[in-house]
Structure formats: structure tokens, C-alpha cells
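Report on the structure given below.
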Amino acid sequence: MMLRANGLDFACDVAGEGPDVALCLHGFPESRFSWRYQLPVLAQAGWRAVAPDLRGYGGSSRPVGKAAYHIDHLVADVAGMFDALGARRKLLVAHDWGAAIAWVVAMRRAVDLDGLIIMNVPHPTVFGELIAHYWPQRRKSWYVAFFQLPWLPEFLLRQRRAEGIANAFLNMAVDKSMFPPDVLEHYRQNALQPGALTAMINYYRANLGLLDEVAPQITVPTLMLWGEEDKALDLKLTEGYGRHVRDFRLVRFPNVSHWVQQEAPDAVNAAMLAWLREKRLAG
């Protein structure tokens with residue numbers, strides 16, 4: 001399905017129907033395909049589950065220029081998609097960069113959310129406070145500085161049919177069997193589309209100020225799901241949420257990597273459903 005929102009076209013996978021919309025936001029270097037295990041489960045729970053390719057990714061519009069990927073536009077995309085879908089109740093389910101966007105949507109109260117499910121990305125303030133003094137996280141975040149360079153990151157990731165994209169999954173995954181050649185080929189092909197890698201990396205280039213985002217405490221019920229073997233984000237980033245999120249639940253998954261919803265879909269889906277039922281957000 002193609003969805004027109006905020007002046008752009010978004011390629012979406014959809015499961016379920018009705019006015020209650022669960023919008024699933026993927027991260028880098030993923031696509032809407034990363035939610036293939038969650039869409040049917042959310043639909044069974046009574047939601048119209050919609051997973052778009054974010055701007056710049058896959059089959060969605062690909063604006064040119066770093067400024068087009070600033071967080072203000074990304075937040076407006078989310079609000080626009082909920083509006084275009086005629087959403088009554090609104091649930092955000094998000095991973096990696098999608099989760100960074102979702103945090104800011106909730107922090108700014110840009111959308112009247114009923115629930116927020118975050119996977120393996122911390123609240124921006126928590127991240128900013130930790131990285132200011134904690135060298136292990138600074139070392140893990142080396143790639144953010146590398147992505148600020150012009151053209152070189154794209155050039156290197158494009159080599160050997162985007163082998164660097166495939167390796168991003170394989171090198172981080174604990175259970176590498178969850179990323180067979182056909183899954184990796186999907187992500188390679190996405191990255192090899194003209195202009196795609198620059199658009200994807202522009203999320204990092206356009207949003208260095210994201211850690212300075214200031215907001216009141218989030219009041220939306222929030223579930224954080226976290227693969228403990230995340231090589232890019234320290235486990236300490238799951239701590240200290242009381243003053244940032246009023247209704248917060250953390251579920252950690254041992255022996256699971258950053259790619260939590262793809263690597264451990266059964267465990268993720270079970271935790272998600274249990275929380276949705278507890279919060280009366282499942283049919």
C-alpha cells in the first residue's frame with residue numbers, strides 16, 4: 001500500500017483493519033520488512049498494523065539534501081501518517097532510528113498516543129547524560145562520527161553489492177540463522193537503490209542536536225524491549241527512566257542482539273502482547 005502523508009509517499013505493509021492504528025517504525029539500515037513478525041500479531045490484538053518505509057528508504061519518497069531528514073520532518077511524517085490513516089487510537093511501535101523518532105513524538109506530544117513500544121534505543125536525555133562521561137558508550141558510538149563524513153560512508157557501504165549492510169546484521173546478531181541470505185539480500189537491494197544510502201545516513205548527519213531535546217515527563221504508557229547483547233548501545237542505557245517516563249516497563253532479552261524484533265520475534269511478541277493486554281490496548 002502507498003500512503004500519502006506530509007507531502008510524501010510512503011510504501012507500507014499492512015495487517016488488520018479498523019480505526020485503531022499501530023504504526024511500526026523501522027531503523028537503520030532496515031525497512032518495513034523488519035516488522036514481518038509483528039504485524040500479524042498486532043492485527044490479532046485488534047490493531048490495524050502499518051509498517052512504512054521511512055522517508056528515504058525502500059519504496060518511499062526520497063527527498064534530497066541533509067536538511068530533509070531533520071527530526072522536525074520525521075516527527076511530522078508520523079503525525080501525518082496517523083492523520084492520513086484516520087487513526088482513532090494510536091500506538092507507536094519502533095526500533096532503532098524509528099524509536100528515536102518515536103521518543104521525540106512522545107516528548108513533544110506531537111501525537112495523542114495511547115501507547116509507546118520502544119526497542120533498543122534509549123530516551124535521548126538518558127543517552128546524552130551517559131555518553132557525556134561514559135567512555136564505553138563513546139567507543140560504541142564511533143560510527144556516528146564516521147557518518148558525518150561526506151560521501152565516504154556511502155562509498156564503503158556500497159562496495160561488493162552493499163556487503164557492509166549485510167555485515168551490519170551478521171556481525172551484530174547473536175542468532176545469525178535469523179538473517180539468512182534472502183533476508184540480507186532484501187536489505188542489500190534497498191541500500192543499492194540510487195540515493196538510498198545517502199538518505200539513510202542523512203538521519204545521522206541532520207540530527208546531531210537530538211540529544212539536546214528538552215521535554216516534560218512522558219505520560220504515555222511505555223514499554224521498552226531490549227536485546228542485552230547490543231554492540232552499539234550499552235545496557236546502562238536502560239536505567240534511570242523514572243523522571244523521564246511516568247508509566248515505564250522494561251523487558252530485557254538475554255543472548256539477543258540489537259536486532260531484537262527480528263532475532264527473537266516469539267519472545268518479543270509475547271512480551272508485547274502481555275503488556276498490551278495489561279494496559280487494555282489489546283482486543
Side-chain angles (χ1 to χ4, degrees), residues 1-27 30-55 57-61 74-99 101-119 218-225 245-249 251 260-262 264-283:
M1 167 184 123
M2 294 301 295
L3 180 67
R4 183 75 176 173
N6 196 28
L8 301 179
D9 294 315
F10 295 90
C12 302
D13 290 340
V14 182
E17 357 179 273
D20 298 337
V21 175
L23 195 60
C24 302
L25 308 179
H26 68 80
E30 297 169 293
S31 74
R32 66 188 194 269
F33 178 66
S34 67
W35 298 110
R36 60 198 178 278
Y37 299 115
Q38 283 72 48
L39 293 183
V41 172
L42 287 165
Q44 290 167 13
W47 294 90
R48 176 163 41 130
V50 180
D53 284 334
L54 299 183
R55 66 163 62 199
Y57 281 82
S60 293
S61 297
L74 307 178
V75 168
D77 287 347
V78 172
M81 283 189 269
F82 274 125
D83 286 344
L85 291 162
R88 180 181 63 186
R89 290 203 299 175
K90 305 175 187 73
L91 174 68
L92 264 183
V93 183
H95 173 251
D96 189 82
W97 252 108
I101 299 166
W103 276 124
V104 177
V105 168
M107 290 163 70
R108 293 183 181 180
R109 299 177 181 174
V111 173
D112 185 18
L113 293 173
D114 293 276
L116 178 64
I117 300 177
I118 295 287
M119 303 185 191
I218 292 170
T219 57
V220 177
T222 301
L223 171 68
M224 176 183 275
L225 306 177
V245 188
R246 182 182 301 170
D247 183 348
F248 179 76
R249 173 77 53 80
V251 179
V260 59
Q261 85 274 28
Q262 296 187 80
D266 291 343
V268 163
N269 290 348
M272 188 169 61
L273 276 175
W275 181 81
L276 288 171
R277 288 175 182 135
E278 178 188 329
K279 298 301 177 183
R280 298 183 180 178
L281 292 172

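By convention here, the first residue in the shown sequence is residue 1.
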Euclidean distance, [Y] [atom2] relative to [X] [atom1], rounded to 0.5 Å:
X	Y	atom1	atom2	value
Leu8	Met2	CG	CE	10.0 Å
Asp20	Leu85	CG	CG	12.0 Å
Leu223	Arg249	CG	CZ	7.5 Å
Lys279	Ile117	NZ	CD1	11.5 Å
Arg36	Ser31	CZ	OG	8.0 Å
Trp35	Leu25	CH2	CG	7.5 Å

Can a salt bridge be assigned to the pair Asp77 and Arg55 using a cut-off of 4.0 Å between side-chain N and carboxylate O? yes

Within the distance-only criterion (no hydrogens, no angle test), does the side chain of [X] pair as donor or acceptor with the backbone N or O of [Y] below 3.5 angstrom?
X	Y	value
Asn269	Tyr37	yes
Thr222	Val220	yes
Arg277	Ala274	no
Asp114	Lys90	yes

Determine, stepwise, if the pair Phe248 / Ile218 fulfils side-chain contact (heavy atoms from CB on, under 4.5 Å). CA-CA 9 Å; Phe248 179 76; Ile218 292 170; over 6 Å; no

State, to 0.1 Å, how close [X] and [Y] come at their nearest heavy-atom pair, and which atoms those are.
X	Y	result
Ala94	Ala102	CB-CB, 3.7 Å
Ala271	Val251	CB-CG1, 4.2 Å
Ala79	Ala110	CB-O, 4.3 Å
Phe10	Pro52	CB-CB, 4.3 Å

Evaluate Leu23 against Val111 for side-chain contact (heavy atoms from CB on, under 4.5 Å), listing each step before the verdict. CA-CA 12 Å; Leu23 195 60; Val111 173; over 6 Å; no

Do Arg89 and Leu281 pass the side-chain contact (heavy atoms from CB on, under 4.5 Å) test, and can you show the C-alpha distance, the side-chain angles, and the key distance before you say yes or no? CA-CA 9 Å; Arg89 290 203 299 175; Leu281 292 172; 3.8 Å; yes

Sorted by first residue and then second, give each side chain to side chain donor-acceptor pair (under 3.5 Å) pair with at least one member in residues 44-53; sequence neighbours left out. Arg32-Asp53

Between Met81 and Val21, is the side-chain contact (heavy atoms from CB on, under 4.5 Å) condition met? List the steps. CA-CA 10 Å; Met81 283 189 269; Val21 175; over 6 Å; no

Using side-chain heavy atoms (C-beta onward) and a distance below 4.5 Å, is [X] in contact with [Y]?
X	Y	result
Ile101	Leu54	yes
Leu276	Leu42	yes
Phe82	Leu92	yes
Leu113	Pro221	no

Set of residues satisfying side-chain contact (heavy atoms from CB on, under 4.5 Å) with respect to Ala76, sequence neighbours excluded: Asn6

Answer yes or no: does atom CG of Asp247 have more than 12 heavy-atom neighbours from other residues, nucleotides or ligands under 6.0 Å? yes

By the definition side-chain hydrogen bond (donor to acceptor under 3.5 Å, both in side chains), identify the one residue from His26, Gln38, Glu30 that meets it with His95. Glu30

